Amino acid sequence: MCGIVGYIGSKKASPILINGLLKLEYRGYDSAGLSTIENNSICVKKNKGRVNNLYDLEGINDLCGTVGIAHTRWATHGKPSKQNSHPHLDNSKTFSVVHNGIIENYHELREFLTKKGYHFLSETDTEVIPNLIHYYFNKNINDSNNFLKAVSLACSDLKGSFAIEVISYLFPNNMIVAKKDSPLVIGVGNNENYIASDIPAILSYSKSFYLLEDGDIALLSKNDVKFYNCSLEELKKEIKNIDWNASSAEKNGYEDYMLKEIHEQPTAIRETIGACLKDNEKVCFDDFNISFKDLSKINKIYIVACGTAMHAGLACKSTFETLCKIDTTVDIASEFRYRNPIINNNTFCIFVSQSGETADTLAALKLAKQHGAKTLAITNVIGSSISREADYNLYTHAGPEIAVASTKAYTSQIVLLTLVAICFAEILNSCSEDILNDLKKELLLIPRKVSSILKNIEPIKDFADSVYKEHDMFFLGRGFDYNVAQEASLKLKEISYIHSDSYAAGELKHGPIALIEKGVTVIGIITDPSLMLKSISNLEEVITRGAKTFIVTNQDIDNSDFNMIYKIPKTNILLSSILSIVPLQLFAYFISKAKGLDVDKPRNLAKSVTVE
Ligand code: M6R
């Protein structure tokens, strides 16, 4: 769960590398480093902490090399320190390597190399890689292809996940990259090539990309890229042109990416609906066609994901059950993959992931395929590992999401899942046309309704400013509102470091109410008219015990016992989560700002969780 960048061309590499790393900091920011080839040797500059610290390193501005690799780290093996920072060198300082992923058999490899006389300077799993390359390089010293051969032999010894970049002063005009279960892309320029963990990091340099598959090894020079499989047979690869706007990956005047991304939700939702939904027509996806024959066999749907993406699944479970009349279970990917779920060829599994790279979700997808399920990936990153693995593939069009706390991806995922549920219901004829037409009509109004919430953020900021020093908060709701409570609670804890919990409001009296005392903040979500009175009475119970209450509702609640009532527009209940989460995303944001925290890069977290 780190970010890697590489450059090979005629320009000074180091500024390009640092610029790329800054865009990848969301993947980890425990340490950063780079190496370039300088006058027949490899120069390494690295340190603990943020990428910006690289600018303070002595000699960083004197680097002139035009070939280089760089890394921003989220520590897995070994504490954040200069010693454990990447790049790592082999003992002879011939090869320099950056690595994203986890080498599961590094103990074995370390032992093997130690017996061969190698020693290790760091606690990382990565340091075995340059030394293994050196070992195989020397073993094949008379082979004309020995650099490539050494890297491929080293890769075949590695168990686990990796995206690596390798340079050597012996081959100053080359770089080798390889990947398995960790993302890597190559951006093609004019007599230059850029490498990164994701497309936005190098989007300002290139719009044409090679997306590497697991097992691929690429040998780069400034004007060529050759691809090989692990047996070093040459492969053909197609270039993909990406039409994302580089400025859409920048802050565009907002103080933080999270705030910008919250405000981008109307556009993200509109783009996700795109051309799939037109007035009075059936939902239709360009690249996803499933027949009545295939769909009518399905008797079980799983929606599998992690974190916020899993919460988007929860928000849509009832939608699938109500519209398609198919039993639907939402599962946490890391649980699903180890609990022997009942899967067969009558099962349809939907995997939801913003990054498309989450290790547990990818493993769960592979498991579902092995057991014969039909699989659909819903991701936000074109060509991501999850999207390439699934039978069917749909994209949310939220644009690059940089802030670690997911916002626009969540609402776009709910929109796309809802469209899939409508599409299935239309194919199966499992729901009345009137219900579906009303839902589709409402869906088209959602972007405008989100915009109207975004025009009224002051009251949310005021309430956040009045409670930001608290240590515990509780989110309560019933039905769809409980799902939103779960997402709102996650949002708050990840960026404000305030302990928070979410409960189905009816569960309160079965235990959690013991935690309510004078001054505790309780946030209630009430959007389902049929459950309104029950939710109000649960909230009255916490008021009686001294809680401060903030209510997000689309109902006309006239109750002066609540400290604050924030009104959102009414909509179809199946879509209510998309509207009710928005003020709560802002609530978490303003609390984090009031506490003076780094909203976009919360401690201990990374945007893309490519390790288990
Ligand atoms: O990229 P993914 O959607 O697969 O990521 C899943 C979770 O790691 C992610 O949603 C995480 O929970 C976010 N930090 C929440 O804001």
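Owing to the predicted nature of the structure, the values given are computational and were not obtained by experimental measurement. Side-chain atoms are counted along with the backbone in the values below, which use heavy atoms only and exclude waters and symmetry mates. We count ligands from 1, going down the list as the structure has it; atoms in each ligand are counted the same way. Numbers here are sequence positions counted from 1.
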J.: Would you kindly specify which portion of Glu357 sits under 4.0 Å from ligand 1, judged on non-hydrogen atoms: side chain, backbone, both or neither?
T.: neither

J.: So, applying ring-ring contact (aromatic ring centres under 6.0 Å, His included) with His263, which one of Tyr589, Tyr257, Tyr254 is it?
T.: Tyr254

J.: Just which atoms of ligand 1 are under 4.0 Å from any heavy atom in Ser355?
T.: 1 (O), 2 (P), 4 (O)

J.: Nearest protein heavy atom to atom 6 (C) of ligand 1, by residue and atom, and its distance?
T.: Cys306 O, 3.4 Å

J.: If you have a sec, work out which protein heavy atom is nearest atom 8 (O) of ligand 1 and how many Å separate them, to one decimal?
T.: Val609 CG2, 3.9 Å

J.: Just need the protein heavy atom nearest to atom 5 (O) of ligand 1, so name the residue and atom and give the distance.
T.: Thr358 OG1, 3.5 Å

J.: Do Lys548 and Ser466 meet the criterion of a side-chain donor-acceptor pair at a distance under 3.5 Å?
T.: no

J.: State whether the shortest distance between N or O atoms of Thr361 and N or O atoms of ligand 1 falls below 3.5 angstrom.
T.: no

J.: Please identify which of these residues, Gln585, Arg270, Lys408, meets the side chain to side chain donor-acceptor pair (under 3.5 Å) condition with Gln265.
T.: Gln585

J.: Evaluate Gly356 for polar contact with ligand 1, using N/O atom pairs at a separation under 3.5 Å.
T.: no

J.: In terms of atom number and element, which parts of ligand 1 are under 4.0 angstrom from non-hydrogen atoms of Val404?
T.: 13 (C), 14 (N), 16 (O)

J.: Is atom NZ of Lys369 surrounded by more than 12 heavy atoms (other residues, nucleotides or ligands) closer than 6.0 Å?
T.: yes

J.: Could you tell me whether some N/O pair between Gln413 and ligand 1 is separated by less than 3.5 angstrom?
T.: no

J.: Below 4.0 angstrom from a heavy atom of Ala309, which ligand 1 atoms are there? Numbered from 1 as shown, please.
T.: 3 (O), 10 (O)

J.: Of the choices Lys491, Glu494, Gln354, which has the non-hydrogen atom that lies closest to atom 14 (N) of ligand 1?
T.: Glu494

J.: From the options Thr407, Leu605, Thr308, select the one whose nearest heavy atom is closest to atom 10 (O) of ligand 1.
T.: Thr308

J.: Write down the atom of Ile495, the atom of Val599, and the distance for their closest heavy-atom approach.
T.: CG2-O, 3.6 Å

J.: With a 4.5 Å heavy-atom cut-off, do Tyr410 and Ile581 have their side chains touching?
T.: yes

J.: Knowing that exactly one of Asp125, Thr126, Ile103, Leu184 qualifies, which makes a side-chain contact (heavy atoms from CB on, under 4.5 Å) with Phe162?
T.: Ile103

J.: Counting from 1, what ligand 1 atoms have a heavy atom of Ala405 closer than 4.0 Å?
T.: 16 (O)

J.: What closest approach, in Å, do Ser81 and Ser31 show between heavy atoms, and which atom pair accounts for it?
T.: O-CB, 4.4 Å

J.: Can you list the atoms of ligand 1 that are under 4.0 Å from a heavy atom of Ser406?
T.: 15 (C), 16 (O)

J.: Taking atom types as modelled and ignoring hydrogens, do the side chains of Tyr210 and Asp216 form a donor-acceptor contact shorter than 3.5 angstrom?
T.: no

